[in-house]
Amino acid sequence: MLEAWLRELQANRPRVQSFDAITSINSGQAFLWQKLGDAWYGVDGQNILKISFRGGEAQFSSYPERQSWERDFFRLDDGLDDIQSGLSKDSLVASLFGKYRGLRLLRQNPEQCLFSFVCASNTNIPMIRRMLSNMSRKFGKKLAFDGQEFFTFPQASAINSASSSELRACALGYRTKAIKAAAQKITSGSLDLAQLSLASYDEAKEQLLQVYGIGNKIADCILLFSLDKLDAFPIDVWIARALAKHYSSLNECKIGEKLTPHQYELVSEKMRGYFGKHAGYAQQYLFYDIRQDAGRGW
DNA sequence: GTACAGGCAGTAT
DNA sequence: ATACTGCCTGTA
């Protein structure tokens, strides 16, 4: 009986190729991943996640130990094949699914995701990593895992009780005010991310937009990368470039690199309508491609 | 020195 | 509604 159950569990355990996992964590959705020795380690909320390799296959472990975290984190239940075929009416996206096979959206810790993208405003990826790493070092909990030292991502309450100058010392710059505002809302309970996970895209977005420092783009990133809103279609400068390059005929208005809030609404709605319920996957593939095209590393 | 990087809020038309 | 501006910080 038990053996049969174990066999079944083994059979159902999703196999993830090493390449797919590494591509996904390095596709600009998450920032606190690093390679140490032969393995990759990432901070996701209070968990340290580890990806190691056996042959071409990824092996997953974590501290604290959490069975099969990869199922949630890599969204293995999404059914990538069906999503691919659903989006393949668009020939470009169809080709990108072939070109970047295995690239997945992540389901990140919502708090960390929110703070990450608030930090992302008007800066570059190395700086985002530095800000988040500084915050973890200062306000997270120190853990030992595999003989290495790690810091969890700070709880909102810890950020909320930090002083502005302490936060500023994390090189947050003018984002300090927004980080504090978000931490305050989460700590007080007036922003409940778990609740937003259950709400509709529109409801959840409206709530996020109430937070000082969160606009259209940042809200859509949080919705897509942590709150299960796969129909979200964030538009940053890179996606704007991709849209101008490949989808200008779909959008009446001319797409420049900077979109006014009204233009953002218009273009984002247009793309969401065009791609449908998995528009976020299309966005991620387009984003990855235009960055590759520009020869950017991560 | 200056421009620029995965936006946003504030203010003035 | 839309346009324009300043903003922390670090790198090229």
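Just so we're on the same page: letters track the sequence lines, and every chain starts at 1. Keep in mind that this is a model prediction, so the values were computed, not measured.
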Please give, in whole Å, the distance from [N] [atom2] to [X] [atom1]?
X: A:Tyr288; N: B:dG6; atom1: OH; atom2: P; value: 16 Å
X: A:His262; N: C:dT2; atom1: NE2; atom2: P; value: 5 Å
X: A:Asn122; N: B:dA3; atom1: CG; atom2: C1'; value: 12 Å
X: A:Ile128; N: B:dA5; atom1: CD1; atom2: P; value: 13 Å
X: A:Leu167; N: C:dC8; atom1: CG; atom2: P; value: 14 Å
X: A:Leu208; N: B:dC8; atom1: CG; atom2: P; value: 11 Å
X: A:Lys258; N: C:dT2; atom1: NZ; atom2: P; value: 11 Å
X: A:Gln263; N: C:dA1; atom1: CD; atom2: C1'; value: 12 Å

Between [options], spot the one nearest the side chain of [X], thanks.
X: A:Thr260; options: C:dA3, B:dG7, B:dA5; result: C:dA3
X: A:Lys217; options: B:dG7, C:dT11, C:dT2; result: B:dG7
X: A:Met127; options: C:dC8, B:dG6, C:dG10; result: C:dG10
X: A:Ala171; options: B:dC8, C:dC8, C:dG10; result: C:dG10

Handout entry: Watson-Crick or G-U counterpart of B:dG6, or none if no pair lies under 3.5 Å
Key =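 Paired with no nucleotide.
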Practice task
With a 3.5 angstrom cut-off on both distances, give the Watson-Crick or G-U wobble partner of C:dC8, or none if there isn't one.
Solution key: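 Result: none.
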In whole angstrom, give me the gap between the [atom1] atoms of [N] and [M].
N: B:dG6; M: C:dT2; atom1: C1'; result: 24 Å
N: C:dC8; M: B:dT11; atom1: P; result: 15 Å
N: C:dT5; M: B:dC4; atom1: P; result: 15 Å

Practice task
Look at A:Arg129 and B:dG6 and indicate whether a side-chain polar atom (N or O) is within less than 4.0 Å of OP1 or OP2.
Solution key: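 No, A:Arg129 has no side-chain N/O under 4.0 Å of OP1/OP2 on B:dG6.
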Could you tell me whether [X] contacts a base, only the sugar-phosphate backbone, or nothing, with contacts defined as non-hydrogen atoms closer than 4.0 Å?
X: A:Tyr212; result: sugar-phosphate
X: A:Arg291; result: base
X: A:Arg175; result: base

Exercise for the section: Write down the atom of A:Thr176, the atom of A:Gly173, and the distance for their closest heavy-atom approach. Expected result: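 Distance-wise, the nearest heavy atoms are OG1-O, 2.8 Å.
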Problem - Exercise: identify the closest heavy-atom pair between A:Phe31 and A:Gly28 - result: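 Result for this residue pair: CZ-O, 3.8 Å.
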Practice task
State plainly whether the residues A:Asp228 and A:Arg75 are in salt-bridge range, i.e. N to O under 4.0 Å.
Solution key: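 Salt bridge flag = yes for A:Arg75 with A:Asp228.
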Practice task
Taking only Lys NZ, Arg NE, NH1 and NH2, and the carboxylate oxygens of Asp or Glu, determine whether A:Glu57 and A:Arg54 approach each other closer than 4.0 Å.
Solution key: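 Looking at A:Glu57 and A:Arg54, the cut-off is not met.
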Practice task
Using only heavy-atom distances, decide whether a donor-acceptor pair under 3.5 angstrom links the side-chain of A:Tyr264 to the base of B:dG7.
Solution key: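 Flag unset: no donor-acceptor pair detected.
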Exercise for the section: Look at the side-chain heavy atoms of Ile, Leu, Val, Met, Phe, Trp and Tyr, link any pair under 4.5 Å apart, and say whether A:Leu250 and A:Val93 land in one connected group. Expected result: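 Linked within one cluster.
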Handout entry: Which residue lies more 5' along DNA chain B, comparing A:Val211 with A:Phe117 via nearest heavy atoms
Key =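 By nearest-heavy-atom nucleotide position, the 5'-most residue is A:Phe117.
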Practice task
Is it possible for you to check whether A:Arg66 lies under 6.0 Å from the centre of the six-membered ring of A:Phe73, through NZ or CZ, and within 45° of that ring's axis?
Solution key: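 The answer is no; the distance or angle limit is not met.
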